Amino acid sequence: MDRTTVSPLPRWLDAPSGWSGLDRASDRIQSLVTGLPLGRLRDVLHGTWLGHPLHPALAQVPTGCWLSATVLDLTGAPPVAARRLTGLGLAAVPPTLWAGWVDWAGLSAERRRTGLVHAASAVTATALQLSSYRARRHGRTTVGILCGLAGTTVVSLTAALGGHLAYRQPGAPTASETSTPVTSEAGAPTASEPGTADEKVAPDAPPSRTDPAAHPWQAG
């Protein structure tokens, strides 16, 4: 049984793509982002030099730092360590957001809706972590821990929505689109593929017992 038909989570994550009320703001932000004179920096933020989008790679830094800070808080580690990790995560937010906005501007209208919700949740998580950092700096450790825990929870939901946007919604790459068939220099299938001319079966040889085409009642 397909687990996606049992869990309601995919439907919940799909919901923002139908929120047409976001289109006016989406169109304005898209025009703003595409109109910025970024030059070659746009390709850098896209990850052209890397061979794949840069945003998911950058997002690991704040997410990882904040998750690690939460682990330290919950295990009774020295407060200064969690504070430093929180600050490091905040420092990584600007380039992460810039790369995300540049990618977002090239999406379809439906996917931009989901992207806006993803961005809003990322900003919310950042605001909570900033509050956590300030509280820690002023010695209000308990408040800092609570704000950090809330921020880590929100950024986890942000990551789930981002992954859904990238890999499940229409327009996301599929496994067949990202795989490269093995071919010979002449462009024909290589001998390693089944069904090629290099596979020779004796005319009088009996069909294999494991061949479902020869025994259709055994298929499946």
Side-chain angles (χ1 to χ4, degrees), residues 2-23 25-26 29-30 33 45 47 52-75 82-136 142-173:
D2 185 0
R3 294 182 182 274
T4 60
T5 63
V6 177
S7 172
L9 186 58
R11 294 196 302 274
W12 296 343
L13 295 175
D14 274 332
S17 65
W19 296 349
S20 58
L22 297 174
D23 287 348
S26 174
I29 298 173
Q30 183 192 34
V33 174
L45 293 172
H52 59 77
L54 181 62
H55 173 70
L58 291 177
Q60 305 307 309
V61 180
T63 303
C65 286
W66 296 339
L67 178 60
S68 298
T70 298
V71 171
L72 292 179
D73 287 334
L74 296 178
T75 55
R83 187 187 73 204
R84 289 173 178 173
L85 282 170
T86 301
L88 181 59
L90 289 169
V93 166
T96 303
L97 291 181
W98 270 111
W101 281 119
V102 169
D103 288 342
W104 171 88
L107 300 177
S108 64
E110 292 77 10
R111 299 182 75 201
R112 287 203 310 272
R113 295 168 189 166
T114 302
L116 277 183
V117 178
H118 172 69
S121 60
V123 171
T124 300
T126 301
L128 288 168
Q129 293 293 349
L130 181 60
S131 298
S132 173
Y133 183 77
R134 288 177 173 174
R136 296 172 193 271
T142 301
V143 174
I145 291 175
L146 293 176
C147 288
L149 180 59
T152 300
T153 302
V154 174
V155 82
S156 298
L157 297 174
T158 302
L161 188 58
H164 192 80
L165 170 63
Y167 296 108
R168 178 176 170 87
Q169 290 191 341

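All figures in this text were calculated on a predicted structure; none of them were measured in a lab.
Looking at residues two or more places apart in sequence or on another chain, you find no side chain to side chain donor-acceptor pair (under 3.5 Å) involving Ser17. Scanning for side-chain contact (heavy atoms from CB on, under 4.5 Å) contacts around Val123 gives an empty result, with sequence neighbours left out. Under the side chain to side chain donor-acceptor pair (under 3.5 Å) criterion, Ser121 pairs with Thr158, sequence neighbours left out. Residues satisfying the side-chain contact (heavy atoms from CB on, under 4.5 Å) test with Leu54, not counting sequence neighbours, are Trp49, Leu50, Leu58. Take Thr114 and apply the side chain to side chain donor-acceptor pair (under 3.5 Å) test, not counting sequence neighbours, and it matches Gln169. Remark: Ala92 engages Val61, Pro62 in a side-chain contact (heavy atoms from CB on, under 4.5 Å) (not counting sequence neighbours). Every residue meeting the side-chain contact (heavy atoms from CB on, under 4.5 Å) condition with Leu72, not counting sequence neighbours, appears here in chain and number order: Ala77, Ala81, Ala82, Leu85. The side chain to side chain donor-acceptor pair (under 3.5 Å) search around Arg112 returns Ser26, Asp27, not counting sequence neighbours.
Thr63 places a side-chain N or O within 3.5 Å of a backbone atom of Ala59 that can act as its donor or acceptor partner.
Evaluation of the salt bridge (charged side-chain N to carboxylate O under 4.0 Å, His left out) test over residues 87-107, restricted to residues two or more places apart or in two chains, returns none. Sequence neighbours left out, not one pair with a member in residues 147-158 passes salt bridge (charged side-chain N to carboxylate O under 4.0 Å, His left out). Among pairs with a residue in residues 123-136, those fulfilling salt bridge (charged side-chain N to carboxylate O under 4.0 Å, His left out) read Asp73-Arg136, at least two apart in sequence or across chains.
In this structure, Val117 and Pro16 approach most closely via the heavy-atom pair CG2-CB, 3.7 Å. Closest approach of Ala122 to Leu97, counting heavy atoms only: CB-CD2, 4.4 Å. Minimum heavy-atom separation, Leu107 to Gln30: O-NE2, 4.4 Å.
Of the inter-residue distances, the one linking Ser20 atom OG with Glu110 atom CD reads 10.0 Å to the nearest 0.5 angstrom. Taking CD from Gln60 and CG from Leu67, the interatomic distance works out to 11.0 Å, rounded to the nearest 0.5 Å. Expressed to the nearest 0.5 Å, how far CG of Leu165 lies from CZ of Arg111 amounts to 5.0 Å.
In the displayed structure, Trp98 atom CH2 is contacted under 6.0 Å by at most 12 heavy atoms of other residues, nucleotides or ligands.
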Evaluate the side chain to side chain contact (heavy atoms under 4.5 Å, CB included) criterion for residues Ile29 and Trp101: first the C-alpha distance (whole Å), next the side-chain angles of each, then the deciding distance (0.1 Å), finally the verdict.
CA-CA 9 Å; Ile29 298 173; Trp101 281 119; 3.8 Å; yes

Which pairs of donor and acceptor atoms, one on a side chain in residues 146-155, lie under 3.5 Å apart (sequence neighbours left out)?
from: Thr152; atom 1: OG1; to: Trp66; atom 2: O; distance (Å): 3.3
from: Thr152; atom 1: OG1; to: Thr70; atom 2: OG1; distance (Å): 2.8
from: Thr152; atom 1: OG1; to: Gln129; atom 2: NE2; distance (Å): 3.4
from: Thr152; atom 1: OG1; to: Gly148; atom 2: O; distance (Å): 2.9
from: Thr153; atom 1: OG1; to: Leu149; atom 2: O; distance (Å): 2.9

